[in-house]
Structures are given as structure tokens and as C-alpha cells.
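A note on names: the letters A, B, ... follow the listed sequences, proteins ahead of strands, and every chain is numbered from 1.
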Amino acid sequence: MKILIIEDNKELLKNMHDFLVHEGYVCEYASSFYEAKDKLTAFRYDCILLDLMLPDGNGLNLLEFIRAENIQSSILIISAKNALDDKITGLDLGADDYITKPFYLPELHARIKAIYRRKNLGGDTVVRFNEISVNTVTMEAKVNEALLDLTKKEFDLLLYFLINKNRVLTRQAIAEHLWGDYTDNLSNFDFVYQHVKNLRKKISMANGSDYIGTVYGLGYKFDTNKT
Amino acid sequence: MKLINKLTIWYLAITTVVLLAGAFFVFKSVQREVDGEEIRRLKSLMADAVFNIEKGFAVDSLYNRGIEVKEIDTALPEIPFHVVDTMAWHSQNQGTERTQLASASYKINGKHFLIYARNYGVEKEEITEGVIDSVKWIFILLLIFVIIAASLISKRIFSPFRYALQSIQSFNLKQKEPVKLAPTRTKEFKELNEFLQNMTNKALEDYKSLKEFTENASHELQTPLAVMRGKLELLMESNISDEQANLIMALNNSVEKLSKINQSLILLTKLENREYAALQPVNFTRLTYQVIASLNELIEMKAITLQKEIAENVQVCLNPVLADVLLSNLLNNAIRHNYINGNIRVLLHTSKLVIQNTGNPPEVPTQQLFQRFKKNNQSTESIGLGLSIVKQICDINHFNIQYTYTNNLHTVQIDFHAGK
């Protein structure tokens, strides 16, 4: 999958670039309005990450350009504005989703996957790893074809782990993924612990391997090398 | 009191003074003219008498015309014509009347005659009466016309002023529309309009730059925060020791907190800028159920007993985003500051929302908890802006909010119709 990152902050660009390249994506980047326009005219991308505030032109104008040129990429807006702002204009202009700064990189990854799945309806809607498979359309999770009885949150959590395999997921990142970005109750992470515990238990009971492990002091990790 | 009434009263007061002074001068000059005329008449009367005496008429025959003639010593010098104002008995009127007595002596045909001529003059009272009468009528006419004219003309003259007043009253920074003022040729109103125009334009500009600053500040802070968060995440992936993990986590928590504070402050600033207008009533009942549902897991995790008394179809005029923030913050607080196996009671009526929960007694007076960064327990992870946001939302929507602690219960009560 080919991604174009349009972001003027070099360090943030590097964060996203390094993370996504490590996940196996082909990443290109542009740090200005005109650079982005050039790249968009010359190449095709599956997904575009777009920072709305660019030094030489508003990101929204770029969005209009993308629509005018009928470029069929998924668009994920990176915005400093959150859901409490009057409106996320970008969504009206054909963007697929938006993510608020500061975001967690695994969250960014999950969003890219989600909009990609949504855009490509003919594509694979089942995320698989070894014996575990998760159907994002029917919302069913299976271990060795045995259906897991998961709550909505546990299902989301499992999908989040599967998308961010071998990544350290902090409790904050998990909490924000499950509860949205203005749940102020993140000081109490007991519920993240609770959900992870329940999920692990349910997978084990279905004779699945316990891939999810604790990373000392940091959070959790879906470790593909565990058996 | 209306300006035009004030002006009219002042105008009438000044007119009264002027009319009184004018009446005095009129009185004086009428009297002077009348007197002058009388004196001329007496003079000609006297000249007639002298003429008749010269012609040889008998002195006695002149008496009936108000003339009195006396013969005096020829050695005496001639007395020149002079008039004395005096009071004399008037037989017809049976009373004393003001009388002008003219006297002069003439030497005619070797005899010396002293001639008196008298005249019952016009009295002061009569002139006064006449003057007062006419001044009175002038005043009454003036009064009527001034009052009618004032009410008619003021409508016309003050129309730019009234227009300006109206546009100022309906002026709203959020609408970002400069005030519209009626053109006028009156100097004062021109100055006023100019001032209003400049002032409101300045306010609009300041408001705009403040808003831009808020937005920029948010953007400028969120980006470095995103960088920091990302770097920490990338660092986590590398081979690190437990000690380093602890350091990274501490940093991560601080970034988290910083980001939350930033978002909350931006929200507070926006609230202060009145950026969230209450467009239409929201169904508070449905919203309350939604928020409770979203927090259900947290409630269960703490084994909290939730009591609900929620009236059907409660409509509250409040921006839906703010309604959500309000309910989430209050319920989150009720959960966070609760015991395991505690209680929460949510009561929603058409006019009020009450949220009660068990919890440790507050360490600071409850009303102070609405202040920014004021926390009951300084060591907790919360940032201390949740209740400030709630208070601000209540303030801009004219709700009354109270926080009390009695019988081991924290109670937050919001009256929706307090300000109406």
C-alpha cells in the first residue's frame, strides 16, 4: 500500500514515516502545498495523510484539488482541531476520516487500515493472524473457527492488537482508541487492564495462543513470536 | 427623562425669564410713551390757554377745560413749563387718581399768569395688566407649539441616534458583522457614529485576532506534542531497560496531561468567546441515557450502584456538544471520586439535573472546586479543569449550578431555568 504523507513539521513527518515504513507501507512525503500538488499530479496513492495547516496553503484547498482532479485515494486528515470544534470541514469535502493531534502512531495505523477497508469493499474484510481471525464487517472474531464471545470493546481491542502487532501499546493509547479522545477518565487505567485480561482469558479458553503480553512499565504488546 | 423633554423644559424656563424681563421693558416703554404723549397734550392745552388769554378771553372761561389760571406778582420771574406727578381727588370716580399737573407762568399784556393744567393719567396697574395679559398669551401659545414641535421634530432629528442605539444593542461579536449606522448631517451624531463604527470594528478585529491566536496556539502546541508522543512510541520499540521504560512512561504521562490541559484550556477559551451558541433545545433525556451507557463499564468496574430518576423528554436549550461535555464531565467525576461499591444517583427533571455520589469528603470548600486547577486531591491524575468547564457552560447558558457536600454525599445541582 502506497501512502503520501503531507505534513510541514519535519519531526512529525519522520515519526509517521518511520512508523509506517516499519509496518511495510511504501511511504512518500511532501512538506508543502506545491510539493504535494506535484506528487498528486504525477503519482497514484492508496492513502493520503493530510495536515490541514500547511505553511504555503491551506490543506483544505488541497482537498478541493484532490476532488477536482478526481483522485481516488483514501484521505485521512491530521488536524489540530478536535471533535469539539465547530465542524471538521474536511469531512464535507470528501475526506474519509480525521485524527486529532497529538495522536498515537498505532491509532494512526488503525485509522489508515479502517478507511482502507471501508474504501475497498471488494477487498479482504478479515484480519488474520495464525489461528485468530477477525471479520470487520460481521464483527465476529474466531479462534480456529470457533466463535469468540467478545464485547464490542474487546472486539475493538483485539482488532487494535492485530493491526499493531509487535508494537508496544500504552494503556493511554488503548484507552483513547476504545473511548475516544475526550474521555477525561484516563487516569484510571484499571478498565484497560480489565479488558485486556478478559480478552486474553477468552482467547486462551478457545485454545488460542496467548500472544498478548505485558511490557514492563509501558503497556501491552501482541507478540507474534510468542507461542 | 427623555432628552427632548429636558431640552423643552429648559427652553421654556429660559423663555419664562426672558418674557418676564421683556414684560418689564414693555411696561417701562409703554409708560414712557404714554407719559410723553400726555405731556405734549398738556403743553398744547397750555399753549391754547396762553393764546386765549392773549386774545383777551376771560380767564374764568378757561377753567372747565382742566385749566386753572392764577395771576401773580409781575416782579416774579417766569416759571418754566414743568410737570409734577401727583395724586388728586377725582370727583367722578370718588377716589384719588394719578394726576399729572403741569404748571408754567407767562407774562402776557403786562400781567403775570401762573397756569396749571391737569390730566388724569393712565395708571401703572392698567399698563401692568395689559402687559401681563399679552405676555401670558404669548407664553401659552409658545408652550403649545414648542411641545407639539418638540415631539414631532425630535422623532426626525433623533432618528439616527435611535438607529445607532438599536444597532449597538443587536451588535454581536460572533456574527462578525460591523454595525450599520444611519447617515446623518448632525455633527454630534456624525461623531457618535464614527466613534461607534471605529469601536465596534476594533472589537471585531480584536475578537478575530484572539480567535486566531487561540487556534494557532492550539495548533502550535498540538504539533510538538504529537512529535513528542511519536518519538516516545518509537523509543518504546527499541531495546530498553526497565529503568528506561519507567522514564519513558513518566514522560508519556506528562505529555498526556499536557495535551489534556491544552485541549481543556482551548475549550474554556472558546466558551468564554461564546462560540457555542444554543441553537435549539436538545433532548436531555436521551443524551443522559447515552452518556450513562457510554460510562456503564466504568460504573460496573467500580461496582457502583446507579439510581436513575430520569423524566421523559426533557428539552434544554443548550448546544449539543456542550450538553455532552457537561454530562460526561459530571458523570465522570461522580465515578472517579467514588468508592468501590459506592452509589450514584442521577435525577433529571424538566427544570433541573441533580447528580449525587458517595465519595471522600472534600478537602476544600465545594464552591472553590469550580475554580481552574483547583483539585480536591492535588495528587490525583485529573487536571482540575472539568468542573471549571461545567461551570462555564452553566454560566453562558444562565443555568444555576451548586455543589454541596452533606451526609457523605457530593451533590451537583443544575437549575436550567434559573436565569429566565
Do Arg229(B) and Phe103(A) meet the cation-pi criteria used here (NZ or CZ under 6.0 Å from the six-membered ring centre, within 45° of the axis)? no
Enclosure of Met139(A) CE (heavy-atom neighbours >12, cutoff 6.0 Å): yes
Which atom of Glu237(B) lies closest to which atom of Arg167(A), heavy atoms considered: OE2-CD, 3.3 Å
Set out, in order, the CA-CA distance, both residues' side-chain angles and the distance that settles side chain to side chain contact (heavy atoms under 4.5 Å, CB included) for Asp8(A) and Thr223(B), then state yes or no. CA-CA 10 Å; Asp8(A) 60 307; Thr223(B) 308; over 6 Å; no
What's the verdict on side chain to side chain contact (heavy atoms under 4.5 Å, CB included) for Lys14(A) and Val227(B), showing C-alpha distance, side-chain angles and the deciding distance? CA-CA 9 Å; Lys14(A) 196 167 177 306; Val227(B) 173; over 6 Å; no
Could you look at Leu232(B) and say if it's the side chain, the backbone, both or neither that has a heavy atom under 4.5 Å from chain A? neither
With a 6.0 Å cut-off (strictly less than), is the heavy-atom count around OH of Tyr29(A), excluding the residue itself, greater than 12? no
Below 4.5 Å, heavy-atom pairs only: which of Leu13(A), Asn9(A), Leu169(A) has the largest tally toward chain B? Asn9(A)
Tell me, for His195(A) versus chain B, whether the close heavy atoms (under 4.5 Å) come from the side chain, the backbone, both or neither. side chain
In this structure, are over 12 heavy atoms from other groups packed under 6.0 Å from Tyr34(A) atom OH? no
Please report the shortest heavy-atom distance between Gln172(A) and Met249(B), naming the atom on each side. OE1-CE, 3.3 Å
Whatever's closer than 4.5 Å to a heavy atom in chain A on Asn246(B) counts as side chain
Measure the shortest side-chain to side-chain distance between Val168(A) and Glu233(B) over non-hydrogen atoms and say whether it is less than 4.5 angstrom. no
To the nearest 0.5 Å, what is the distance between OH (Tyr104(A)) and CD (Glu256(B))? 3.0 Å
More than 12 foreign heavy atoms under 6.0 Å from CG of Asp242(B): is that the case here? yes
Pairwise side-chain contact, Leu234(B) with His22(A), heavy-atom cut-off 4.5 Å (strictly under): no
For a quick test of reading the model, state the closest non-hydrogen atom pair linking Ala226(B) to Leu12(A) and the distance between them. CB-CD1, 3.6 Å
Above 12 or not: heavy atoms from other molecules or residues under 6.0 Å from NZ of Lys2(A)? yes
Please classify the contact between Gln194(A) and chain B as side chain, backbone, both or neither, with a heavy-atom cut-off of under 4.5 Å. side chain
Please indicate whether Lys165(A) has more than 12 foreign heavy atoms, meaning atoms of other residues, nucleotides or ligands, lying under 6.0 Å from its NZ. yes
Can you tell me how far apart CD (Gln222(B)) and OG1 (Thr100(A)) are? Round to the nearest 0.5 Å. 8.0 Å
Other residues, nucleotides, ligands: >12 heavy atoms within 6.0 Å of Phe65(A) CZ: yes
